[in-house]
Each structure stands twice: as structure tokens, then as C-alpha cells.
Amino acid sequence: MRLANPLYALITLCLLAGMLESALAAQAKVSAVRTWAGPEHTRLVLDLDRPVSHDIFLLENPHRLVLDVPNARSTGSMPKPAEFGDTISRLRSGVRNGRDLRLVLDLTAEVKPRSFVLPPQDGQGHRLVVDLLPRRRATVPAPVAVPVAVAVPRRVPAPTGGELVIAIDAGHGGKDPGAIGKGGTREKDVTLAIARQLAVLLAREPNMRPLLIREGDYFVTLRGRTIKAREAQADLFVSIHADAIPHGNAAGASVYVLSTSGASNEAARWLAARENAADLVGGVTLEDRDPVIQTVLLDLFQSSTIDASFELGEAVLQRLGPLGGLHKVSVQQAGFAVLKSPDIPSILVETAFISNRREEQRLRDPGHQRRIAAAILEGIRSYATNRRPDVMLAARP
Ligand SMILES: [Zn+2]
């Protein structure tokens, strides 16, 4: 069998060549890298011949963003410096591990990246989009030198026009009266009254539409509240409550957003329900990723929603302060279940202390209820003008 060995070697070679060829063929081609500087963020787009996975991480001193696309190579054009906008000062591309594409963006400021992949549509092919959002709030540390990938909201906002759906959640209801004041005032009645006032005010706004989560004195589960908001594709969720402590004379308003530990648990829970996870992140196919990456994605996704919630919370808190004083001067974080929608910025407003006799009186007063509602509306308006100028400006006469 003298022929056997050379033949075997030949077959092996052919097999290897075949494997090499198919491996190379599987390499994604980036036909163009484009940048676009918009009023709110700078966008980087990679035009691709197939879907890819990717990793993003940030570096400091100077600020840089590194985008790694495994098993991909650039075959086309890079953007010209004139197209960089104010945020990107330089863009370099290179090959890593012989077959991965790496893009390094030198930045003029710290950014918050948001990335997603888009399937072919409207004559465009596969795309990987990275948005560089200005980082406004310093209280949540940026993930430094840790791969991040943030998913997009399920509902991509229309470029102009439309209206914002504001879910108003009157706390408690039905068999759950909430806290009860010394004068017998029930929290569930006060929250519903304020929620209704807020709905009236919001309905007058040309670019907003109120959605009352609870319209009467009946019980709704916490989960049921977030589901109703999601089904109506709410843009914001505002839960209205009145605070209470058994002893002492605490007074003033507080605003809560979801705590990150609460978010992590929720991310895990969402993942358990795969149909929800699939529905949750339109641009990204979570199914293709391993569970650890999925959890990281959802965590980061939720943390970007929490960032927005903070912004809304701060705007509302600012307006509530002059009205009746603040119990907590900064936005608080807690694991309230009702705040756990991963893609809807959500706040919980403790309007005042129902356990405080003076505040209980004011909470019963329709005039004061309306002033609280007006303060919340002002906060929503300020947030929306900042975050959604597309909607807010388009609807102006
Ligand atoms: Zn409550």
C-alpha cells in the first residue's frame, strides 16, 4: 500500500484547503464605513454583506472607542475627516488576529455608545450601527475597557412628528388601599386623583398622549401595570404614590428610579421568558448569543433606560421641590417592580407624606393635586424637549 500515504496526505491537504477556503469565505466584508453627525449623536455605520457580531469598549486618556468585528475585513471606503462631526477626531482601522477587523475612534469627549445590527431593508444591506451619545450624567460610571454592546429600544422613534405616550400609573387600588393617613385618607384615592389631573393636562399637550394604567378603584398587579404600558407602546412610565412612615413627621416629595441590582435580576427574569426577550430588543438577535452575553446585553440595555429614567426623575424632582419641599433632594434608586420595564424610562413619584397631617390635608385638596400634576407635567416636558426634540418640536404650531 505504498500509494496510501501520499493519497492520504493529498486528501488531508484538500480537506485543509477546503476548510481554509470556506473559513475565508465566511469572513464578512465591510464595503463601507460611514459617519453621520446629527444634532443628538454621531452615528457610525458599517455596510456589510452579512450579519456580524461585534464588541465595543471605551478607553480613556484620551477618550477612544474601539469596535471589534470578528471575522471581518474592510474592502471599501472609510469616511473623510470632514464627515466626522465634532465627536470623532480620528478614525483608524486595522486587522487583528489575522482575520478580525478593529476600528479605533479617537473622541473629543466621553460618549455613551449604543449599537445595533440592522437586516437588509429599503435597498440597504446588512448594517452595524454605532451611535455615540453624549454622556451627560457622571453618577453612573462608564464601563471602561470592558466590552459593551447596548441594544436599541424596541420602538425606533420616527424621524419627525408622532406623539409621546405617557403611562400614568396611579399607585395601589381596589383591595390594596396603600398607606392610610391619620385623617383616614387612602393613598389609592389620592394617587388616582392626581393621575387623572395629570391625564387631563397631558391630553392638552399637542405632542403627548396620556395612558391611565388604572382608571378607577380596582386592583392591578404590578406586573399587569408594566404590561399595560408596554402594550400601549408607552414612551414614559410615571407611577404616582404618597409616602408614609409609621412614626415621626417626615415630609416632602421623593422620586425613585430602578436600582441596578433590581435591573440585573429583572434582566435574568426577562431572559427566562425567551419570547419576551425576543420582543424586547428589535435590532439585536439575542437568540444567537450565549446566555452570558445575553445577560450582559440586557443589563446594559436596562442601564441605558435607567440613565433616561434618572434624567426624567431629576426634571420632575426640580419642579416638585418649590411646590411642597423635598424629602430626598436627589433621585433615589430602589428595586420597585413597577419600574422594571427594560425599555421604558420609568419613575415612581412619592408626591408627599400621607402620614404627615399637614401634607395629608394638601393631598386631599384638588387644587394641590392639580399643582402636583402640573409639576410632573413640567418635568416630563423638560425631559422630552431634551430627549425627544423630534417629537416636541415637530408638533409645535
Ligand atoms: Zn404607594
Side-chain angles (χ1 to χ4, degrees), residues 166-199 210-229 234 236-259 262 266 309 312-313 316-317 319-321 323-328 330-341 344-366 368-373 375-376 379-380:
I166 317 293
I168 312 166
D169 172 45
H172 312 279
K175 66 183 181 186
D176 168 22
I180 297 176
K182 296 181 182 87
T185 312
R186 297 177 302 183
E187 183 185 354
K188 67 173 184 177
D189 299 325
V190 168
T191 59
L192 183 61
I194 297 170
R196 282 177 172 156
Q197 299 260 28
L198 180 55
L211 166 78
L212 279 169
I213 296 294
R214 163 165 90 81
E215 290 171 85
D217 183 18
Y218 49 84
F219 179 76
V220 186
T221 63
L222 297 177
R223 183 63 60 191
R225 293 167 195 255
T226 57
I227 288 171
K228 185 165 178 184
L236 298 175
F237 184 93
V238 179
S239 188
I240 295 169
H241 286 255
D243 220 337
I245 51 164
H247 307 288
N249 247 345
S254 344
V255 174
Y256 287 85
V257 300
L258 185 63
S259 69
E266 189 65 5
S309 305
L312 173 63
V316 169
L317 203 59
R319 272 86 184 170
L320 285 172
L323 191 63
L326 296 178
H327 178 58
K328 299 280 187 190
S330 60
V331 174
Q332 305 294 299
Q333 284 187 279
F336 290 122
V338 82
L339 301 179
K340 288 183 180 178
S341 295
I344 307 174
S346 305
I347 60 169
L348 186 146
V349 182
E350 296 282 4
T351 49
F353 274 82
I354 202 168
S355 55
N356 176 305
R357 275 213 182 265
R358 197 173 56 90
E359 295 204 336
E360 181 186 0
Q361 279 307 314
R362 296 176 81 185
L363 282 171
R364 297 175 68 100
D365 169 21
H368 191 73
Q369 290 166 356
R370 190 165 49 250
R371 286 189 287 277
I372 291 173
I376 295 171
I380 293 171

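Counting starts at 1 for both ligands and their atoms, in listed order. On a predicted model such as this, the values are computed, not experimentally measured, just so you know.
- Between Leu258 and Phe336, the shortest heavy-atom distance links the atoms CD1-O, 3.7 Å.
- Side-chain N or O atoms of Ser355 include one that pairs as donor or acceptor with a backbone N or O of Ile245 at under 3.5 Å.
- Side-chain atoms of Glu187 do not come within 3.5 Å of backbone N or O of His172 as any donor-acceptor pair.
- Listed by chain and number, the protein atoms of type N/O/S under 2.8 Å from the Zn ion (ligand 1) are His172 NE2, Glu187 OE2, His241 ND1; waters are omitted.
- In this view, Arg370 and Gln197 satisfy the side chain to side chain contact (heavy atoms under 4.5 Å, CB included) rule, not counting sequence neighbours.
- Between the Asp243 side chain and the Ala352 main chain, no donor and acceptor come within less than 3.5 Å of each other.
- Here the side chain of Glu359 pairs a donor or acceptor atom with the backbone of Phe353 at under 3.5 angstrom.
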